[in-house]
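A short worksheet on the structure shown next.
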Amino acid sequence: MVTQIISTMETQVSNGPTSNSSLPNGPLISANGATDDSKTNLIVNYLPQNMTQEEFKSLFGSIGEIESCKLVRDKITGQSLGYGFVNYVDSNDADKAINTLNGLKLQTKTIKVSYARPSSASIRDANLYVSGLPKTMSQKEMEQLFSQYGRIITSRILVDQVTGVSRGVGFIRFDKRIEAEEAIKGLNGQKPLGASEPITVKFANNPSQKTGQALLTHLYQTTARRYTGPLHHQTQRFSPLSLISRFSPITIDSMTSLAGVNLTGASSAGWCIFVYNLSPEADESVLWQLFGPFGAVTNVKVIRDFTTNKCKGFGFVTMTNYDEAAMAIASLNGYRLGDRILQVSFKTSKQHKA
DNA sequence: TGGAATT
């Protein structure tokens, strides 16, 4: 299956300083003694997943003297979250960094360099993921829809790189988390004016979170199997958390690059299995329990109703190896789960509503 | 009896 290449457009409201001096500036001290970082502190977004703190510092240090910088990482896995902060000593260097490094292409990413808003708890977790948008809806129209709930900092609609047509998926970052919460309450499950389908509005995942999770899932599967052997009477599985403590981020990185693992491919490759006649209470764990004993499972998904959040009676499981998937299907098709007889088969390319 | 999309 071909991985779709995505291109995006993004706009951002002005949130930085409004003037720049042509003279070097030292740190600005306000009346209460606090430093004002608004003209020196930058946020850098869309960094490549594998960029290290050292590379990050090296890149931005080439512009001028750095007061401090930080590549933001997942607290547990240590994986880069794909963004960071750079605070320059001189505001002119911050300005120069925006002018020379914003839009720089690094691997598959186009980095974004802009002034950071002042750090504050109220602006955290204010980013929304929106799906089910009409393909005809423009970024501006999406902003108009959301702007009733607060000040929009950034917005984006993902489009197919080849055709340029909207994928019906986008992001809205509000200035304040409470604004984002209100937008979810007001718009999730609602049909935009003239639309035939409701949209989904939820908090967005962290950048690059998915690849990190896919990697951990992959490690979890392969390592658990290495220790337990294939197919037989597996009574205890390793917890992903126990693996995290045994693999440092550096080890994960080096294993990944040594193995030439393509993170995107690893999460999507495999044999997809359709599971029908699950109960409304079914969750992901039941699929793990059913299929895990047969071999490497890379992904499970329970399909839920939009409003009730109950299972719609079916789900999908992705397994890495054909033999194990075939064995799981042969064993679980017709299997009685509670008072239901499961129907399990390879997913076919049956078409449904797009 | 057939989903999804994460800059």
Side-chain angles (χ1 to χ4, degrees), chain A residues 1-12 43-49 74 79-83 102-103 105-114 125-135 137 139 142 152-161 163 165-173 197 199-214 263-264 267-268 270 272-279 282 284 287 298-306 309-318 333-334 340-354:
Chain A
M1 180 173 174
V2 178
T3 302
Q4 211 171 19
I5 300 171
I6 307 303
S7 80
T8 60
M9 301 244 303
E10 182 175 288
T11 59
Q12 173 158 7
I43 183 166
V44 184
N45 289 293
Y46 314 127
L47 293 165
Q49 174 69 28
D74 184 285
Q79 291 235 298
S80 166
L81 293 181
Y83 69 98
N102 183 41
K105 288 182 170 53
L106 293 175
Q107 300 175 36
T108 63
K109 304 285 190 178
T110 301
I111 73 169
K112 175 183 166 187
V113 185
S114 56
D125 304 318
N127 195 27
L128 298 179
Y129 172 82
V130 187
S131 59
L133 292 165
K135 301 287 195 286
M137 181 178 273
Q139 183 183 15
M142 180 176 73
I152 294 169
I153 299 300
T154 61
S155 74
R156 173 172 285 189
I157 286 180
L158 304 190
V159 302
D160 184 292
Q161 176 79 86
T163 67
V165 67
S166 164
R167 299 182 65 209
V169 175
F171 294 88
I172 295 275
R173 180 180 293 280
E197 299 299 324
I199 60 173
T200 299
V201 184
K202 54 199 238 187
F203 284 109
N205 291 336
N206 285 326
S208 306
Q209 184 173 319
K210 188 184 170 194
T211 51
Q213 285 176 349
L263 294 179
T264 306
S267 64
S268 63
C272 191
I273 298 168
F274 176 57
V275 185
Y276 178 71
N277 215 13
L278 296 168
S279 82
E284 273 71 13
L287 292 180
T298 56
N299 190 50
V300 302
K301 177 84 175 174
V302 167
I303 307 306
R304 294 182 167 86
D305 180 88
F306 210 84
N309 217 30
K310 297 278 192 189
C311 174
K312 287 167 75 172
F314 63 96
F316 297 92
V317 175
T318 306
N333 186 39
R340 292 161 177 269
I341 305 296
L342 295 185
Q343 293 178 37
V344 184
S345 62
F346 282 114
K347 181 186 185 299
T348 62
S349 54
K350 194 177 293 186
Q351 284 300 311
H352 54 280
K353 186 184 56 175

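In this text, all values refer to a predicted model and were calculated from it rather than measured experimentally. As a basis for the values below, the full set of heavy atoms in this structure was taken, side chains included, without hydrogen atoms, waters or symmetry mates. Proteins come first, then strands; the chains are lettered A, B, ... in the order of their sequence lines, and each starts at number 1.
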With A:C311, the side chain to side chain contact (heavy atoms under 4.5 Å, CB included) member among A:I303, A:V302, A:D305: A:V302

Length of the CD1-C1' vector between A:I303 and B:dT1, whole Å: 12 Å

Protein-nucleotide distance (A:Q49, atom CD; B:dT6, atom C1'), rounded to Å: 13 Å

Residue A:S131, side-chain heavy atoms: nucleotide from B:dT7, B:dA5, B:dT6 that is nearest: B:dA5

Protein-nucleotide distance (A:K135, atom NZ; B:dA4, atom P), rounded to Å: 12 Å

B:dT6 base stacked by A:Y129 (centroids within less than 5.5 Å, tilt under 30°): yes

Between P of B:dT7 and NZ of A:K109, the distance in whole Å: 5 Å

Sugar-phosphate only, base, or nothing, as touched by A:C272 at under 4.0 Å among non-hydrogen atoms: base

Partner set under side chain to side chain donor-acceptor pair (under 3.5 Å) for A:N277, not counting sequence neighbours: A:R340

Stepwise side-chain contact (heavy atoms from CB on, under 4.5 Å) check, A:L128 with A:K202: CA-CA 5 Å; A:L128 298 179; A:K202 54 199 238 187; over 6 Å; no

Atom-to-atom span, CG of A:N45 to P of B:dT6 - whole angstrom: 17 Å

Sugar-phosphate only, base, or nothing, as touched by A:F314 at under 4.0 Å among non-hydrogen atoms: sugar-phosphate

Touch class at under 4.0 angstrom, heavy-atom based, for A:N277 against every strand present: nothing

Closest nucleotide among B:dG2, B:dT7, B:dA5 to the A:F274 side chain: B:dG2

Side chain of A:T154 - closest among B:dG2, B:dA5, B:dT7: B:dT7

A:V169 side-chain proximity, nearest of B:dT6, B:dG2, B:dA5: B:dA5

Rounded interatomic separation in angstrom, taking CD from A:E284 and P from B:dA4: 12 Å

Close aromatic pair by centroid cut-off 6.0 Å: A:Y83 and A:Y46: no

Protein-nucleotide distance (A:Q139, atom CD; B:dT7, atom P), rounded to Å: 16 Å

ring-ring contact (aromatic ring centres under 6.0 Å, His included) involving A:Y129 - partner list, sequence neighbours excluded: A:F171

Length of the CG-C1' vector between A:N299 and B:dA5, whole Å: 13 Å

Verify stack between A:F316 ring and B:dG2 base, 5.5 Å, 30 degrees: no

